[in-house]
Chemist: 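I have a structure here, written as structure tokens, and I will follow up with some questions on it.
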Amino acid sequence: MSFIRKVTLSEQAYERIKEMILNGDFKPGEQLVQDELAKTLGISRTPVMHALRKLESDGLVVRNSKGRIFVREFTLEEMVHIYEIREFVEKLVCRYVTPIITDAQIEMFRSMFESALKSENPQEEYRKVDNTFHTFLAEICPNKELRDIAIRSGVLARCLIKGLIRPPQETFPEHMEILDCFKKRDPKCAEEKMRIHIVKTLEYLKKLLKEKEKGGNKNEP
């Protein structure tokens with residue numbers, strides 16, 4: 001006999017608030033008020049309170065000394081740390097995903113990336129596809145421990161990035177190479193292409209951090 005797990009109001013509130021943070025509806029540093037969230041979601045304060053505690057545990061929100069909750073603001077240093085984790089985690093994800101991702105899924109993402117690149121707003125549309133792609137790979141990874149780490153690091157990356165770090169025209173060939181490796185069922189190729197993809201962004205972030213420390217660039221992406 002199989003059972004369908006009941007999703008609680010707290011879980012629903014958690015997923016909804018998290019998506020609102022990731023989509024930019026709530027900005028970094030913005031205060032989250034339980035009563036207002038409860039009214040927006042049409043539920044009581046209790047499930048919202050539990051949802052915020054889980055988001056705090058995830059590192060997406062922070063609580064100050066007065067108990068007020070704010071969307072976490074990530075520093076450039078923290079961005080570098082997240083991408084250092086992604087360098088090792090996501091290449092391993094590719095090792096596990098290569099044998100199981102279907103040809104239809106591969107071609108779907110190829111089409112999505114191509115459409116985003118040709119859209120009227122390629123920066124925003126490509127960002128959405130990029131997020132969907134990396135999240136999808138993490139979620140279908142059959143290694144549970146690795147999957148959990150990949151999803152968490154991916155969620156943090158989505159939260160801290162205000163936009164694409166590198167332009168779509170630069171990363172498009174990299175995504176196509178990863179998809180080609182999947183198509184060939186070559187896990188070593190997929191691992192290496194994903195590693196290169198992440199490292200190029202990591203190197204750019206480290207360059208920004210170095211410039212910031214020297215006082216040459218005060219702006220973070």
Side-chain angles (χ1 to χ4, degrees), residues 1-5 7 11 14-15 18-19 22-23 54 57-60 79-119 122 124-161 164-205:
M1 181 181 295
S2 61
F3 296 90
I4 298 175
R5 190 176 73 86
V7 179
E11 291 171 322
Y14 164 79
E15 291 296 339
K18 181 173 73 172
E19 275 307 306
L22 298 179
N23 290 336
K54 191 172 190 315
S57 176
D58 287 347
L60 293 181
M79 292 178 69
V80 168
H81 295 159
I82 291 296
Y83 271 83
E84 286 175 335
I85 294 171
R86 292 185 68 186
E87 175 188 350
F88 293 98
V89 170
E90 294 198 31
K91 74 172 188 177
L92 289 178
V93 166
C94 286
R95 178 190 302 178
Y96 285 93
V97 166
T98 300
I100 63 173
I101 187 171
T102 68
D103 287 345
Q105 290 166 338
I106 293 169
E107 295 309 314
M108 176 189 69
F109 278 110
R110 195 185 303 276
S111 177
M112 288 171 66
F113 278 119
E114 290 173 348
S115 297
L117 195 63
K118 298 174 183 177
S119 68
E124 179 60 19
E125 294 305 313
Y126 202 91
R127 181 189 68 82
K128 292 177 182 178
V129 177
D130 182 79
N131 285 338
T132 301
F133 177 64
H134 288 276
T135 302
F136 172 78
L137 296 182
E139 289 179 343
I140 68 169
C141 179
N143 183 317
K144 183 183 182 304
E145 287 72 22
L146 182 60
R147 180 173 69 245
D148 291 344
I149 296 172
I151 290 174
R152 175 174 169 76
S153 63
V155 165
L156 289 176
R158 287 173 62 194
C159 181
L160 58 86
I161 296 173
L164 287 172
I165 295 176
R166 293 190 290 138
Q169 293 79 5
E170 183 177 333
T171 61
F172 177 77
E174 298 167 15
H175 285 123
M176 293 302 103
E177 288 178 338
I178 295 169
L179 291 171
D180 288 342
C181 294
F182 288 152
K183 187 79 171 181
K184 293 185 293 186
R185 304 301 167 187
D186 188 339
K188 289 185 178 179
C189 171
E191 279 188 61
E192 181 60 13
K193 294 302 181 181
M194 179 62 81
R195 187 192 69 80
I196 292 172
H197 173 60
I198 299 294
V199 165
K200 284 184 176 180
T201 301
L202 175 59
E203 289 175 345
Y204 177 72
L205 289 172

Chemist: Please name the pair of heavy atoms, one in Y96 and one in P142, separated by the smallest distance, quoted to 0.1 Å.
Modeler: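 That closest heavy-atom pairing would be CB-CD, 3.7 Å.
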
Chemist: Does the side chain of R195 come within less than 4.5 Å of E87's, by heavy atoms?
Modeler: yes

Chemist: Side chains of R166 and T171: is there a donor and an acceptor less than 3.5 Å apart?
Modeler: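 Checked: R166/T171 side chains show no N/O donor-acceptor pair below 3.5 Å.
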
Chemist: Find the distance between NZ (K128) and CD (E124) and round it off to the nearest 0.5 Å.
Modeler: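 Result: 5.0 Å between the selected atoms.
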
Chemist: With heavy-atom distances below 4.5 Å as the criterion, would you say the side chains of L137 and E90 are in contact?
Modeler: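 Of all side-chain heavy-atom pairs linking E90 with L137, none is under 4.5 Å.
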
Chemist: Could you give me the CA-CA distance, side-chain angles and deciding distance for C181 and C189, then say whether disulfide (SG to SG under 2.5 Å) is met?
Modeler: CA-CA 6 Å; C181 294; C189 171; 1.9 Å; yes

Chemist: How about NZ on K193, more than 12 heavy atoms from neighbouring residues, nucleotides or ligands closer than 6.0 Å, or not?
Modeler: no

Chemist: Where do D180 and K184 land on the salt bridge (charged side-chain N to carboxylate O under 4.0 Å, His left out) test, with the steps shown first?
Modeler: CA-CA 6 Å; D180 288 342; K184 293 185 293 186; over 6 Å; no

Chemist: Other residues, nucleotides and ligands only: do more than 12 of their heavy atoms fall within 6.0 Å of OH on Y14?
Modeler: yes

Chemist: What I'd like to find out is whether the side chain of L146 reaches to under 4.5 Å of the side chain of V89, using heavy atoms alone.
Modeler: yes

Chemist: Counting N and O atoms only, with roles assigned by atom type, does the side chain of E170 sit under 3.5 Å from a partner on the main chain of P167, one being a donor and the other an acceptor?
Modeler: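 It does not hold such a pair.
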
Chemist: Just verifying a value: how many Å separate H134 NE2 and I178 CD1, rounded to the nearest 0.5 Å?
Modeler: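 Atom-to-atom, H134:NE2 and I178:CD1 are 6.0 Å apart.
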
Chemist: To the closest 0.5 Å, what do you measure between OH (Y83) and CD (E203)?
Modeler: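 Output value for this atom pair is 13.5 Å.
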
Chemist: Before accepting this row, confirm whether a basic side-chain N of the pair D148/K144 lies closer than 4.0 Å to the acidic partner's carboxylate O.
Modeler: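 Looking at K144 together with D148, the answer is yes, because their closest N to O distance falls below 4.0 Å.
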
Chemist: Could you tell me the separation between the CG atom of L60 and the NZ atom of K54, rounded to the nearest 0.5 Å?
Modeler: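 Output value for this atom pair is 9.5 Å.
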
Chemist: Would M194 and R86 count as a side-chain contact (heavy atoms from CB on, under 4.5 Å) if you check the C-alpha gap in whole Å, the side-chain angles of each, and the deciding distance to 0.1 Å?
Modeler: CA-CA 10 Å; M194 179 62 81; R86 292 185 68 186; over 6 Å; no

Chemist: Hey, mind stepping through T132 and F109 against side-chain contact (heavy atoms from CB on, under 4.5 Å) and telling me if it holds?
Modeler: CA-CA 9 Å; T132 301; F109 278 110; 4.0 Å; yes

Chemist: Any donor and acceptor pair, going by atom type alone, linking the side chain of T102 with main-chain N or O of Q105 inside 3.5 Å?
Modeler: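 Yes: the side chain of T102 pairs with the backbone of Q105.
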
Chemist: Between CZ of R127 and CD of E125, what distance do you get to the nearest 0.5 Å?
Modeler: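 Between R127 CZ and E125 CD, I get 9.0 Å after rounding to 0.5 Å.
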
Chemist: Aromatic rings H175 and F113: how do their planes relate, parallel, tilted or perpendicular, breaks at 30° and 60°?
Modeler: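 Rings of H175 and F113: parallel, as their planes differ by under 30°.
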
Chemist: Which atom pair, heavy atoms only, marks the closest approach of C94 to F182?
Modeler: SG-CZ, 3.9 Å

Chemist: Decide yes or no on side-chain contact (heavy atoms from CB on, under 4.5 Å) for I85 and H81, but give the supporting numbers first.
Modeler: CA-CA 6 Å; I85 294 171; H81 295 159; 5.7 Å; no

Chemist: Find out whether N143 and R147 are in side-chain contact, i.e. whether some heavy atom of one side chain is under 4.5 Å from a heavy atom of the other.
Modeler: no

Chemist: Enter the distance from E145:CD to L92:CG here, rounded to the nearest 0.5 Å.
Modeler: 13.0 Å

Chemist: Apply salt bridge (charged side-chain N to carboxylate O under 4.0 Å, His left out) to K183 and E107, showing your working.
Modeler: CA-CA 9 Å; K183 187 79 171 181; E107 295 309 314; 3.5 Å; yes

Chemist: If I compare all heavy atoms of I151 with all of A138, which pair ends up nearest, and what's the gap?
Modeler: CG1-CB, 3.8 Å

Chemist: Decide yes or no on side-chain contact (heavy atoms from CB on, under 4.5 Å) for R110 and M176, but give the supporting numbers first.
Modeler: CA-CA 7 Å; R110 195 185 303 276; M176 293 302 103; 3.6 Å; yes

Chemist: Just by modelled atom types, is the P187 backbone N or O under 3.5 Å from a matching donor or acceptor in the R95 side chain?
Modeler: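 No.
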
Chemist: Between I196 and E192, is any pair of side-chain heavy atoms under 4.5 Å apart?
Modeler: yes

Chemist: Quick one: does T98's side chain get under 4.5 Å of E191's, heavy atoms only?
Modeler: no

Chemist: M79 versus I165: any side-chain heavy-atom pair under 4.5 Å?
Modeler: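 Side chain of M79 against side chain of I165, heavy atoms only: contact under 4.5 Å found.
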
